[in-house]
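Report on one structure; see the data block that follows.
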Amino acid sequence: MSRADVRGEPVREAEATAPGTVAVPGAVRRPSPLWSLGLLRSELLITFRRWRTLALLAVLAAVPILVGIAVKIETSDGSSLGGGGGGGEGPAFISQISNNGLFLVFTALAATLPFFLPMAIGVVAGDAIAGESSAGTLRYLLVAPAGRSRLLLTKYATVLAFCLAATLVVAVSALAVGALLFPVGDLVTISGTRITYAEGLGRALLIALVVAASLVGVAALGLFVSTLTGSGIAAMATTVGLLITVQILDQIPQLDALQPYFFSHYWLSFADLMREPVYWDDLVKNLGLQALYAAVFGSAAWARFTTRDITA
Amino acid sequence: MAPIDSDDNRTAGEGEELRAGRRKAARYVVPVAVMGVAAATIGLVPALADSGDPDLPKVTAEQLIEKIAKSDVQQMSGTVRINTDLGLPDLGGLESGLMSGMSAGPGAGGDGEGSAADPSAKLTELVSGSHTLRVAADGPDRQKLSLLENAAEYSLIHNGDDLWGYDSESNEVYHSTASGGDGRPEKDAPEKDVPATPKDFAEQALKAVDDTTSVTVGGTAQVAGRDAYRLVVEPKQDGSTVGAITVAVDAETGTPLKFTLTPASGGAAVVDVGFTEVSFAKPDASTFDFTPPAGAKVTEGDASAEAPEHGRPAEGGPAEGLDGLEVIGEGWNAIATFDTGARGGLPTASPDGDLGALGGFLGSFGDQVKGDFGSGTVFKTRLVNALITDDGKVYAGAVTKDALVKAAEAAR
């Protein structure tokens with residue numbers, strides 16, 4: 001009978017509680033905040049030292065390189081991309097790359113946001129709890145006086161850190177490739193006004209942060225799925241499957257009443273930051289929706305994880 | 001060892017077990033509550049934000065129309081939302097492709113293919129669907145109109161003598177210079193081709209005001225955070241498909257802020273154009289500055305030659321057979337009629353003709369009608385109906401099917 005050994009509540013609290021009474025979580029437990037930071041640090045180190053994580057980041061970094069080289073080859077004879085008139089081909093901003101390398105950042109983010117980025121997040125988030133469970137290490141993690149809520153929060157913080165890191169990897173790789181292959185300088189916003197390169201860099205950073213924030217919802221969803229199962233692979237597959245399903249449903253016109261509530265619906269609104277003045281409506285909707293997903297699935301994950309029997 | 005976790009306490013009594021179970025279930029209340037609160041917020045906030053109609057001094061319809069006419073707003077900027085639902089069959093991209101193809105033809109001025117940045121091609125897209133526009137104006141010489149698209153934008157910038165069209169998606173630029181004259185109306189003609197702001201629509205509607213129309217003040221409303229009067233324009237005659245036109249007029253400046261056209265058949269508005277955000281401050285001067293970005297393809301257009309041309313796609317092929325466009329009736333029930341000259345005119349009307357299959361296809365969009373005039377096909381949208389008779393006459397107007405049939409019978 002292993003369940004009595006593995007509990008969500010810290011040992012100290014349990015010893016202080018008289019037998020038979022219901023423990024009030026958080027009433028007695030006060031591990032130092034530094035301890036939580038230590039837990040977070042060790043989680044971060046474990047995550048970012050994994051070969052799998054590094055491979056995911058390498059794939060993400062390769063996307064802007066491939067896009068950059070493809071555009072360079074396509075436009076090497078001096079022609080503009082797409083041959084004019086057409087438009088609508090390829091990811092957003094792609095026609096501008098050959099004129100200003102900074103646009104590669106926006107194109108790379110627009111190209112990776114629908115699939116590559118959330119897939120990487122799905123893998124890391126899906127693995128967060130279920131991976132420990134299937135490796136048999138979750139019970140040992142819980143022996144430490146952390147508490148299940150705290151452990152869950154640390155796991156979520158680690159996934160969010162990965163969201164930010166993954167987005168920045170794409171952005172920095174695109175920035176470097178763009179500066180190497182294409183001219184840089186003042187750029188023209190999509191509203192036709194001109195901004196300096198420094199301001200363009202500032203907007204690129206802002207866009208990277210918005211893209212990272214757009215992944216908060218998927219991260220929470222993945223974490224919830226991760227608490228449901230004891231198999232890391234199953235959790236990753238479910239999260240990525242849900243991601244693809246939602247993206248497909250978002251394309252079906254008959255569902256337009258539901259679509260504003262899909263976490264991916266406003267993802268490409270980050271491009272609104274390139275308007276002058278910035279068009280905030282969809283950006284705000286996107287961030288609000290991500291916060292809602294984080295709250296709903298985060299609390300669902302908490303409800304599940306703190307009441308579940310941990311046997312492995 | 002003492003029972004150390006109440007959740008897993010097997011040694012406690014039955015009541016303890018039940019309480020633990022309840023506590024487990026209670027945790028799931030949190031996500032459900034979060035969802036509930038979110039749903040309630042989404043549902044209630046718009047209702048609460050709609051803080052009732054503002055209290056404004058009473059005005060008559062005449063005073064309000066005068067206010068619109070006297071309104072002299074030179075500087076403004078804002079965001080406009082346009083929804084049009086004409087009830088056309090949804091042809092998706094084909095529809096706008098056809099439309100832009102039609103109007104881009106003459107506008108492109110003979111350089112083979114039209115530029116993606118050609119204003120006439122772009123603005124025709126506004127005819128259907130739902131769009132967000134940004135407008136900015138600073139006096140008669142500086143205006144900007146931007147059509148917000150997915151991760152792209154089409155901007156039309158009028159600054160002094162220059163008219164620029166910039167399509168950020170294809171990175172193409174359209175440029176024309178006004179030939180001579182200062183402040184001539186045709187300079188900004190391309191912008192006026194397709195009405196885009198509530199003001200443009202309101203002006204069109206008020207042109208139609210005569211004795212066949214009832215104009216009333218229908219209370220007040222809040223539009224884009226500003227207090228406004230509602231001017232309600234309704235046709236007095238029967239037979240019009242127009243139910244009512246509502247124009248929300250800014251109480252302070254007299255600028256029309258919202259224009260809504262509801263059909264007589266009820267349902268959603270056919271045209272709904274309104275500011276979602278408006279400011280009467282002077283827009284930033286840099287808004288109107290435009291220099292083509294490096295590497296952009298620039299198409300030069302000739303404004304003076306183009307202005308009269310591209311409003312009238314009728315000069316091209318399909319409508320060439322038009323002779324003598326006549327208007328029957330007056331006011332809201334005016335029906336335009338013309339003879340296509342071709343007996344058995346459209347293939348729709350002669351399903352047994354050599355274009356039988358196509359005729360059947362087109363005919364399926366319309367209703368067959370018979371009367372003293374012979375027989376024909378009525379094509380219906382939510383606003384405009386058209387009757388094409390078998391002897392090649394076309395009757396079209398914002399009137400009901402019965403009114404069209406009556407007009408056709410009267411014309412015999």
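To find a chain, count down the sequence lines: A is the first, B the second, and so on, and within it residues start at 1.
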Between atom CG of A:Asp281 and atom CG of B:Leu148, what is the distance when rounded to the nearest 0.5 Å?
9.5 Å
To the nearest 0.5 Å, atom OG of B:Ser170 lies from atom CD1 of A:Ile94 at 13.5 Å
With a 4.5 angstrom heavy-atom cut-off, which part of B:Ser77 approaches chain A: side chain, backbone, both or neither?
neither
Using a 4.5 angstrom heavy-atom cutoff, name the option from A:Ser299, A:Gly185, A:Gly298, A:Ala271 with the most pairs to chain B.
A:Ser299
Examine distances only and state if a side-chain atom of A:Arg275 and a backbone atom of B:Ala152 form a donor-acceptor pair shorter than 3.5 Å.
yes
Heavy atoms from other residues, nucleotides or ligands near CG of B:Asp289 exceed 12 (cutoff 6.0 Å)
yes
Backbone N or O of A:Pro277 within a donor-acceptor pair of the B:Arg134 side chain at under 3.5 Å?
yes
As an exercise, state the distance from CZ of B:Arg27 to CZ of A:Phe305, rounded to the nearest 0.5 Å.
11.5 Å
How long is the span from the CD atom in B:Glu149 to the CD1 atom in A:Ile190, to the nearest 0.5 Å?
9.0 Å
Taking A:Asp272, A:Val188, A:Asn100 one by one, which has the highest count of heavy-atom pairs under 4.5 Å against chain B?
A:Val188
For A:Thr189, is it the side chain, the backbone, both or neither that has a heavy atom under 4.5 Å from a heavy atom of chain B?
backbone
Are there more than 12 heavy atoms of other residues, nucleotides or ligands under 6.0 Å from atom OH of A:Tyr261?
no
Chain A contact via B:Ser155 - side chain, backbone, both or neither, heavy atoms under 4.5 Å:
side chain
Which distance, rounded to the nearest 0.5 Å, do you find between the OH of B:Tyr28 and the CZ of A:Arg304?
5.0 Å
B:Ser146 (side chain) donor-acceptor with A:Ser191 (main chain) under 3.5 angstrom
no
So what's closer than 4.5 Å to chain A heavy atoms on B:Asn171: side chain, backbone, both or neither?
both
Within the structure provided, determine whether A:Tyr279 and B:Thr79 are in side-chain contact (heavy-atom separation under 4.5 Å).
yes
Hey, which of A:Glu276, A:Arg194, A:Met274 has the most heavy atom pairs under 4.5 Å with chain B?
A:Arg194
Looking at B:Glu169, is its backbone amide N or carbonyl O close enough to the side chain of A:Ser95 to form a donor-acceptor pair, meaning the two atoms are under 3.5 Å apart?
yes
